[in-house]
There are 2 protein chains.
Amino acid sequence: MLDITRSTLAQQIARSIAEAIVHGQLQPGERLNEIELGHRFGTSRAPIREATYILEREGVVVRHPRRGVFVRDYTIKELKDLYDATYRLEELALTRVAAEATDPQLGRLHAIADQMGHAAKKRDIPTYIGLVEAMFQEVFRIAGNEVLQDFYAQMRSRLKPFRFMSLSHPDSLSHSVAEYQAILAALEARDLPGALAELRRKETRAVTHLLEAARERGASAA
Amino acid sequence: MLDITRSTLAQQIARSIAEAIVHGQLQPGERLNEIELGHRFGTSRAPIREATYILEREGVVVRHPRRGVFVRDYTIKELKDLYDATYRLEELALTRVAAEATDPQLGRLHAIADQMGHAAKKRDIPTYIGLVEAMFQEVFRIAGNEVLQDFYAQMRSRLKPFRFMSLSHPDSLSHSVAEYQAILAALEARDLPGALAELRRKETRAVTHLLEAARERGASAA
DNA sequence: CGACATTCGATTGTCGACAAAATTTTTGTC
DNA sequence: GACAAAAATTTTGTCGACAATCGAATGTCG
């Protein structure tokens with residue numbers, strides 16, 4: 001039952017701000033000034049205010065009552081927790097996929113993986129990122145638990161501002177593709193332990209990668 | 001770093017509405033009329049509006065743009081998903097507790113379990129519920145991942161409106177205590193498989209229990 | 001010179017009113 | 001009497017203004 005209602009001003013502004021955060025125009029820790037944003041978007045403060053609530057629900061922003069809302073900034077510990085939680089959820093989903101996925105469903109995953117390969121060859125990072133999202137969305141759809149799917153989506157949106165770091169290294173694209181293909185191959189062989197092992201490998205690589213980037217960039221001290 | 005700022009009007013109203021939902025004064029599916037609530041609380045619509053955003057973030061309410069916000073109503077499928085997700089998170093937490101908990105930490109859990117026993121004997125349900133919350137909070141604190149802890153807290157708050165059902169049966173209190181003690185005993189023996197097995201037993205009982213109650217009460221059709 | 005109280009500017013919280021939708025009621029027609 | 005179109009009503013979305021509060025800058029005293 002999707003809501004095809006034209007989106008409200010607040011929602012559009014929320015998307016706009018979220019994009020600004022992802023693209024780094026709004027830095028982690030920075031405060032969102034309602035008046036200033038109102039001027040920037042040519043609206044009163046009301047829709048801005050509601051947009052901040054939307055963003056807060058998505059976890060990309062924190063609100064300190066009577067003080068303001070701030071672009072969420074993560075300590076090293078929090079980043080680790082976020083990654084950890086993300087991968088635990090992926091494990092849960094993969095476990096179900098390995099157990100219950102039908103062949104056509106696996107076929108869909110395979111198709112996405114192929115497209116990822118093409119995008120990676122062309123170094124088309126935006127499409128690549130989109131395909132990764134699509135892949136996981138499909139995985140969680142197969143897993144069949146909407147609550148988990150929602151949580152997972154929320155985590156990915158929280159990690160988005162850090163995503164560009166992960167893919168900054170020149171070879172990481174092809175590495176990344178290989179990892180996904182390895183996991184998928186294990187799934188198609190109905191080899192759950194294998195799939196989980198590949199996932200863990202991917203996780204450790206991703207985490208070390210991200211943490212060193214974050215340290216350089218100086219995410220607030222742990 | 002807890003925020004000891006005096007709570008804002010919107011927050012108080014949010015708590016108040018949440019309570020009304022838990023106590024059934026606001027039924028699942030019912031619409032929250034901003035004007036009416038404004039009169040009831042003697043405020044303008046602004047804080048009411050913000051309260052609904054807070055409640056939406058907590059997942060107890062859904063918003064349909066330009067149509068209103070409604071007390072969240074769950075289909076049978078969604079209830080199952082919610083329970084499933086809850087127990088998957090508990091498994092993750094227990095796994096870590098079994099692996100990493102220090103003896104004093106286990107001692108704290110044991111102390112809480114003892115208090116639960118006393119409360120159950122006295123049939124003091126409010127304290128009992130509070131202790132269950134405390135128990136899980138402690139478990140997740142030991143597990144050490146704040147992100148997972150937050151998600152878990154959110155799920156419990158979503159399930160709150162259904163909690164009174166679970167404990168309506170006369171013997172369920174003592175059953176419940178026994179279940180927690182069994183899990184804890186396994187943990188203290190560092191027997192992870194045993195603890196997980198007990199947890200699953202608890203889960204199946206809880207789910208069948210809740211689902212039959214929900215069916216009677218007629219949660220919206222699956 | 002430093003710690004603490006005070007003032008002032010800036011910003012969030014709340015209000016009442018208007019605009020834009022959505023829902024309900026009424027009206028007109030077959 | 002039932003259905004469709006139109007009017008009326010209700011309700012959400014947005015606005016601009018005022019009040020309460022916070023943080024920084026300033027001033028005062030030890």
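In what follows, every heavy atom counts, from backbone to side chain, and hydrogens, waters and symmetry copies are set aside. Just so we're on the same page: letters track the sequence lines, and every chain starts at 1.
Here C:dT12 presents its P atom at 4 Å from CZ of A:R31, a figure rounded to the nearest Å. Atom P of nucleotide C:dA20 and atom CZ of B:R67 are separated by 19 Å, given to the nearest angstrom. B:E34 places its CD atom 14 Å from the C1' atom of C:dT14, with the value rounded to the nearest Å. The distance between atom CG of A:N33 and atom C1' of C:dT12, rounded to the nearest whole Å, is 10 Å. At whole-Å resolution of the value, OH in A:Y53 and P in D:dT12 are 17 Å apart. Here C:dT14 presents its C1' atom at 9 Å from CD of B:E50, a figure rounded to the nearest Å. For the pair A:I35 CD1 and D:dC18 P, the interatomic distance rounds to 14 Å; values are reported in whole Å. Atom pair A:R66:CZ and D:dA19:P shows a separation of 17 Å (rounding to whole Å applied).
The side chain of A:A46 has D:dT14 as its nearest neighbour among D:dA17, D:dT21, D:dT14. In the set D:dC15, C:dT12, C:dC15, the nucleotide with an atom closest to the side chain of A:P47 is D:dC15. Listed candidates were C:dA21, C:dT14, D:dT14. Nearest to the side chain of A:S44 is D:dT14.
In terms of heavy atoms, B:V177 sits closest to B:A120 at CG2-CB, 3.4 Å.
For A:T8 and D:dT12, the shortest distance from a side-chain N or O to OP1 or OP2 is not below 4.0 Å.
A donor-acceptor pair under 3.5 Å is absent between the side-chain atoms of A:D124 and the main chain of A:A119, judged by distance alone.
A:R57 pairs by the side-chain contact (heavy atoms from CB on, under 4.5 Å) definition with A:I54, B:E56, B:R57, not counting sequence neighbours.
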With a 3.5 Å cut-off and sequence neighbours excluded, list the donor-acceptor pairs that the side chains of residues 107-118 of chain A form with protein atoms.
from: A:R108; atom 1: NE; to: A:E138; atom 2: OE2; distance (Å): 3.1
from: A:H110; atom 1: ND1; to: A:E188; atom 2: OE1; distance (Å): 3.4
from: A:H110; atom 1: ND1; to: A:E188; atom 2: OE2; distance (Å): 2.6

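C:dC30: Watson-Crick or G-U partner is D:dG1, with both key distances under 3.5 Å.
Residue A:L32 is in sugar-phosphate contact alone, with no base atom involved, counting any heavy-atom pair closer than 4.0 Å across all strands shown.
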